[in-house]
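See structure below.
Side-chain atoms are counted along with the backbone in the values below, which use heavy atoms only and exclude waters and symmetry mates.
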Amino acid sequence: MTLMLVTTIATWNEFAEALLLAKSVKEHHPDASVIVCLAENSLPESARYPWIHHFVLARDLGIPDFDAYMSQFQGFQHVSALKGYLFRFLADVYSEENEFIYLDARMLVVSPLLELRSMLSSSTIVLTPHFLAPFPRTNCSREVQVLEEGTFHAGMIGITRTQELGRLLNWWIRVIREFSGQDDYGGNQPDQKYLNLIPSLFQAAILRHPGYNVGFWNIHEQERFILNRWRYTVGSESLRCFNFNNYYSSLTNAMEALFSHNASIYQLWAQYSNALQQLKSG
């Protein structure tokens, strides 16, 4: 039995990012197992990537009518289509494991996920909100956008094996199957819309720590983002993981608007970019 199991979903386009995510997980949680689900038709040569415990193809997750099901989803929606099935597959195959954490492929873990693991010990599912404080503008357009897309961010979710886990995953799979690629239900990440219901339906915890899942959606809260003696901090808290999703240049635009070019956040970006380039060239 390992301390926890971390998983992600990627195509070949995000393969290097998934490898780097896995390396960062193993750096801070050496006993964790990392499972990469590939939404492709073939597997890589696993011996080349010893820090990955297991690769699995999306079509091997046990999804009924796989091709017809996946044809209903476009672009990034494939991640939402697969996530519930991936969690169920992992819970079934790794029956001795109790903690399962999904992280976006473009996530980087920069320090141990202590608070998340603590919350997993007493909850079936742990969710992270898009942001923790009101957006600093006179109008509420950003808040309205989050209400339309989902209060919680689907790029980081933790689940624990409890008596209600099977019921949660069955519900999750059912609502996404019924979604059938309709843009009215969450755009690129349709599962985010349904996450709104989870705290009232299941034993859920909300992780309100500013150092988790930092990305373009909440970077306005990170004005005190600094590197302090080799440790990145957000205010008085340690940075735990950063999401480098740069959809439509949203992250770079937000960084340029909020931070000077010598800010610590650019150092983290450079470290990530350099490590990613080394993986791609190797």
Side-chain angles (χ1 to χ4, degrees), residues 1-9 17-18 20-37 51 53 79 83-84 86-88 90-91 94 96-133 150-162 164-165 168-169 172 189 191-192 195-196 198-199 202-215 217-219 221-222 225 231-245 268 272:
M1 181 183 297
T2 61
L3 292 178
M4 66 180 185
L5 193 152
V6 179
T7 190
T8 193
I9 299 170
E17 286 85 346
L20 184 54
L21 163 65
K23 279 195 166 187
S24 72
V25 170
K26 296 293 286 185
E27 178 182 353
H28 298 287
H29 294 278
D31 295 327
S33 292
V34 182
I35 313 295
V36 175
C37 175
W51 61 95
H53 182 72
V79 175
K83 207 174 297 173
L86 175 58
F87 271 135
R88 188 164 73 180
L90 296 176
Y94 296 91
E96 295 184 352
E97 305 301 335
N98 292 319
E99 296 179 4
F100 306 86
I101 298 171
Y102 172 84
L103 300 176
D104 271 349
R106 289 185 169 88
M107 191 87 76
L108 185 74
V109 177
V110 299
S111 65
L113 307 177
L114 303 178
E115 297 80 8
L116 172 59
R117 300 209 54 223
S118 176
M119 297 186 82
L120 281 171
S121 66
S122 58
S123 307
T124 302
I125 185 167
V126 177
L127 302 171
T128 55
H130 270 95
F131 44 76
L132 302 175
T151 301
F152 304 103
H153 193 272
M156 178 178 175
I157 299 173
I159 65 170
T160 308
R161 191 184 301 278
T162 64
E164 69 174 1
L165 178 60
L168 184 154
L169 295 179
W172 193 338
Q189 299 190 65
D191 55 344
Q192 284 189 163
L195 295 182
N196 288 356
I198 283 181
F202 304 99
Q203 187 178 354
I206 300 172
L207 181 55
R208 301 189 75 257
H209 185 294
Y212 281 84
N213 203 12
V214 177
W217 47 88
N218 60 13
I219 204 169
E221 299 176 340
Q222 322 304 337
F225 186 105
R231 180 172 72 99
Y232 286 100
T233 59
V234 181
S236 61
E237 303 287 355
S238 294
L239 177 66
R240 297 304 189 196
C241 51
F242 196 100
N243 195 319
F244 286 91
N245 186 329
L268 179 63
Y272 180 80

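- Note that CG of Asp191 and CD1 of Ile157 are 6.0 Å apart. Values are rounded to the nearest 0.5 Å.
- For the atom pair Leu207 CG and Tyr212 OH, the distance stands at 6.0 Å (nearest 0.5 Å).
- Closest approach of Ala105 to Thr8, counting heavy atoms only: N-OG1, 3.1 Å.
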Side chain to side chain contact (heavy atoms under 4.5 Å, CB included) between Thr151 and Leu195, worked out
CA-CA 8 Å; Thr151 301; Leu195 295 182; over 6 Å; no

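- For the pair Ser33 (side chain) and Leu5 (backbone), a donor-acceptor distance under 3.5 Å is absent.
- At distances below 3.5 Å, at least one donor-acceptor pair connects side-chain atoms of His28 with backbone N or O atoms of Val110.
- With 3.5 Å as the limit, one finds a donor-acceptor pair spanning the side chains of Arg231 and Ser238.
- A distance-only check finds no donor-acceptor pair linking the side chain of Tyr272 to the backbone of Phe244 [under 3.5 Å].
- With contacts defined as side-chain heavy-atom distances shorter than 4.5 Å, the pair Trp51/Val34 does not qualify.
- A donor-acceptor pair under 3.5 Å is formed between the side chain of Glu221 and the backbone N or O of Ala133.
- In this structure, the side chain of Arg161 engages the main chain of Glu97 through a donor-acceptor pair within 3.5 Å.
- The CD1 atom of Ile159 sits 10.5 Å away from the CG atom of Asn98 when rounded to the nearest 0.5 Å.
- A donor-acceptor pair under 3.5 Å is absent between the side-chain atoms of His209 and the main chain of Glu237, judged by distance alone.
- Counting only heavy atoms from C-beta outward, the side chains of Arg240 and Leu116 never approach each other to under 4.5 Å.
- Residues Glu27 and Val109 have side chains not in contact (no heavy-atom distance under 4.5 Å, counting atoms from C-beta outward).
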Could you check Asp104 against His153 for side chain to side chain contact (heavy atoms under 4.5 Å, CB included), going step by step and ending with a plain yes or no?
CA-CA 10 Å; Asp104 271 349; His153 193 272; 3.8 Å; yes

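- Contact record, Gly84 with Leu169: O-CD2, 4.4 Å, taken as the closest heavy-atom pair.
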List the steps and the verdict of side chain to side chain contact (heavy atoms under 4.5 Å, CB included) for Val6 and Leu113.
CA-CA 11 Å; Val6 179; Leu113 307 177; 5.8 Å; no

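- Between the side chain of Glu99 and the backbone N or O of Leu120 there is no donor-acceptor pair closer than 3.5 Å.
- Of the possible polar contacts, one joining the Asn218 side chain to the Asn213 backbone as a donor-acceptor pair under 3.5 Å is found.
- Counting only heavy atoms from C-beta outward, the side chains of Ile35 and Tyr94 approach each other to under 4.5 Å.
- The closest side-chain heavy-atom distance from Ile219 to Trp217 is not below 4.5 Å.
- Panel note: side chain Gln192, backbone Gly155; no donor-acceptor pair is recorded below 3.5 Å.
- Distance check: Met156 CE to Asn243 CG gives 10.0 Å after rounding to the nearest 0.5 Å.
- Here the shortest heavy-atom pairing between Ala154 and Lys83 reads O-NZ, 2.8 Å.
- Across all their heavy atoms, Leu239 and Gly211 have their closest contact at CD1-O, 3.5 Å.
- Side-chain contact between Phe225 and Leu268: present, with at least one pair of heavy atoms (C-beta onward) separated by less than 4.5 Å.
- Put simply, the side chain of Phe87 reaches to within 4.5 Å of the side chain of Trp172, judged on heavy atoms.
- Here Met119 contributes atom CE and Leu127 contributes atom CG; the two are 9.5 Å apart, rounded to the nearest 0.5 Å.
- Summarising the geometry, atom CD1 belonging to Ile125 is positioned 4.0 Å from atom CD1 belonging to Ile198; distances are rounded to the nearest 0.5 Å.
- Remark: the backbone N or O of Ala204 is not paired with any side-chain donor or acceptor of Ser123 at under 3.5 angstrom.
- Side chains of Tyr102 and Val79 form a contact here, defined as non-hydrogen atoms less than 4.5 Å apart.
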